[in-house]
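Input: a single structure, listed below in structure tokens.
None of the values given here were measured: they were computed from a predicted structure. If you read the sequence from its start, that first residue is 1, and numbering goes on from there.
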Amino acid sequence: MCMVDYEIQSVPLSMPLWHRKVERFLEANQLRLDEVDYYAVVTEPGGDEILAGGGLQGDIIKCIAVSERLRDAHISNRLISHLISEATQRGHQSVKVFTKPKNRQIFESLGFRLVGEAPLAILMENGRGIERYVELMKGLSIEALKDNQQSTFNNQHSTGVIVMNANPFTRGHEYLIHQAARRVEHLFVIPVKEDRSMFPYAERKAMIQAAVKAPSLRGRAGVGLLEGSDYAISAATFPTYFLKELSDAAETQMQLDLDIFARHIAPALGASVRFVGSEPDDKLTCRYNELMQSRMHVEIIERLEENGSVVSASKVRKALSDGRFREASALVPTTTVPYLLAQLATDALQQELDTTPKPGLIDQNDNGAHADMNHALMQRSIAALRPYFAELAVLAFQKELPTVEKLQKIGLEAENAMLRATNGVNTHKGALFALGLAVIAAAHLEFNGKLTLGQLQKTIAQLATQIPDATGTHGSKVVSEHRVKGASAMAREGYELLFSDWLPYYRGTRSEERKLKTLLRIMATLDDTNVYHRKGAAVAQQMKAEAADLLDRFSMENLEQLNQTYNAQGISPGGCADMLALTIFVNSITHQ
């Protein structure tokens, strides 16, 4: 059969049948199916037997395999060209490939060049990505140190490097930088760019930047923050880092990542030493440090300990996940605190979204009473709002409250970002208003050491009184027609029901269904303007009675029945959902 008779087709790995077929094909070729979002296979016309295949994750080609019967048919070139074309159509200017060393010649014939190598794997690319990054590093290194004071210490090494994820940046990371800065004339910090962490790259970089500029570093060394890249602990070089699983694959990826650092990054910076913190618990990081010592000069700095325990980012993340802001904030420098508040606000929205089943509302099981929204859309909306919660928290983290004009400008930008992410669907406008006020108030009070329930309520009310009423909205029309409290009035009262009723109820409910029960408590006591607008006053009052009744005779079966009824009747208590998210947030930042 001629080569042109073979067909290249995309296959949906989401379908179990194809997923299993691809897995079996790769296993027969001593490979395993990695995380890819696109997969192409070669078959005979009309057939479904996989003869060759390759995957694409972003700009990285993975999982290339060709059966024995086709290895002389030059089908590899066609398959790889197909994947390159697909990556180009997706907007990637250059493409990387993670493959076996024996495939090097195939990719070199297609214009790929070696970036890094390990005994069992190589990374290649068909553009100038690594060259451009090295040029950028050289330029940034000069700029970063231009205004920094050089150390007067008698240092053994002139330039050192720290690569850190800082998820989030803790006092342990701060300690590592301070100790390393004592030992070199110049110190560069490179943040991990891959966005697979609780805190996105932009926030982690900003946290490190604040530490690098701290007065406490003056007189030690020139410390500069550089850009992260795809060439240091990324999905391209070290994907298993983010799984924290020590395996044969991880070993190969660690060797590859370190080869790229030693081959390209260290020379670009003129670095003679790399600093790492000691690792008593994480086996993968411990092994990474061991391999690093075999490739370059490494200085291991003992991690900061308090009360017999190391200060770690994992402890901060655990505390945040459990809604213990006070515990988390004790482990980070003050400059990190606003980002903790942004994370908790984002997480509160996510917790509300994931609470299931919610009568008439979008959850993990259904779209509620909404034809224009779903769980994935709501998640995109939450992700779009995240940077603005951080921006509000950072701005408010000072002695005096910012002007309302500055805050409103950020709020409007956040709303526009939400609408862009949802193609114009209003998913979280009410939640943005309520949580935005709470984030601002909490950041300001925390900076001044006054974050208590009473002060939080008072400050929210103070902020809200400075914001004019919205006009021409569905909520404003409901307030005018039905004489109920809208979002502005509730905020100006400092969310009186939340502090006097919903939050105490939430804290007093210890069962697994406490978020569901708190939602019902809110539905039973709140005049939800969303329900008023969509269904009228009679239905809104009926909803309050039904929620109170269900709370008295609570069961998951009864809740699901109410959910089905509201979904069918188009009753969506969106305002109640916003207040549940706000209750979760307030609980987490004031929980002792």
_Distance-only polar pair, side chains of Asp366 and Asn563, donor-acceptor under 3.5 Å_ = yes
*Does Arg196 make a cation-pi contact with Tyr201, if we ask for NZ or CZ under 6.0 Å from the ring centre and within 45° of the axis?*
no
*Inspect the contact between Arg274 and Glu299 and indicate whether a charged nitrogen and a carboxylate oxygen are less than 4.0 angstrom apart.*
no
*Looking at Phe554, does the NZ or CZ of Lys517 lie under 6.0 angstrom from its six-membered ring centre and within 45 degrees of the ring axis?*
yes
*Quick one: pull up CG in Leu432 and CG in Leu392 and give me the separation to the nearest 0.5 Å.*
8.0 Å
*Please answer whether the main-chain N or O of Leu456 pairs with a side-chain N or O of Thr459 as donor and acceptor at a distance below 3.5 Å.*
no
_For the CZ atom of Arg514 and the OG1 atom of Thr509, what is their distance to the nearest 0.5 Å?_
7.5 Å
*Between CG of Asp59 and CG of Asp230, what distance do you get to the nearest 0.5 Å?*
6.0 Å
_Listed partners of Glu306 passing salt bridge (charged side-chain N to carboxylate O under 4.0 Å, His left out), at least two apart_ = Arg171
_Regarding Asp527 and Lys485, does a basic nitrogen lie under 4.0 Å from an acidic carboxylate oxygen?_
no
*Arg204 charged N/C atom sitting above Phe169 aromatic ring, 6.0 Å / 45°*: no
*So, Tyr288 side chain and Lys283 main chain: donor-acceptor pair closer than 3.5 Å or not?*
no
*asked:* By the salt bridge (charged side-chain N to carboxylate O under 4.0 Å, His left out) test, which pairs, at least two apart or in different chains, include something from residues 344-354?
replied: Glu352-Lys358
*Pairs in or reaching into residues 397-412: which pass salt bridge (charged side-chain N to carboxylate O under 4.0 Å, His left out), with residues at least two apart or in two chains?*
Lys409-Glu413
*asked:* Checking side-chain contact (heavy atoms from CB on, under 4.5 Å) between Ile589 and each of Leu453, Leu445, Leu344, which is the one that passes?
replied: Leu344
*So, is the end of the Arg183 side chain (NZ or CZ) under 6.0 Å from the ring centre of Phe275 and within 45° of the ring's axis?*
no
_When you compare the side chains of Arg386 and Gln343, does any donor N or O come within less than 3.5 Å of an acceptor on the partner?_
yes
_Using a strict threshold of under 4.0 Å (side-chain N to carboxylate O), is an ion pair present between Arg303 and Glu279?_
yes
*Ion pair present between Glu446 and Arg326, side-chain N to carboxylate O less than 4.0 angstrom?*
yes
*Check the side chains of Asp501 and Thr525 for a donor-acceptor pair under 3.5 angstrom, ignoring hydrogens and angles.*
no
*asked:* Please evaluate residues Glu227 and Lys193 with respect to the criterion salt bridge (charged side-chain N to carboxylate O under 4.0 Å, His left out), reporting the C-alpha separation (whole Å), side-chain torsions for both, the decisive distance (0.1 Å), and the verdict.
replied: CA-CA 8 Å; Glu227 287 286 342; Lys193 190 175 183 179; 5.3 Å; no
*Would you kindly say whether His173 and Thr170 are connected by a side-chain donor-acceptor distance under 3.5 Å?*
yes
*Answer yes or no: does atom NZ of Lys515 have more than 12 heavy-atom neighbours from other residues, nucleotides or ligands under 6.0 Å?*
yes
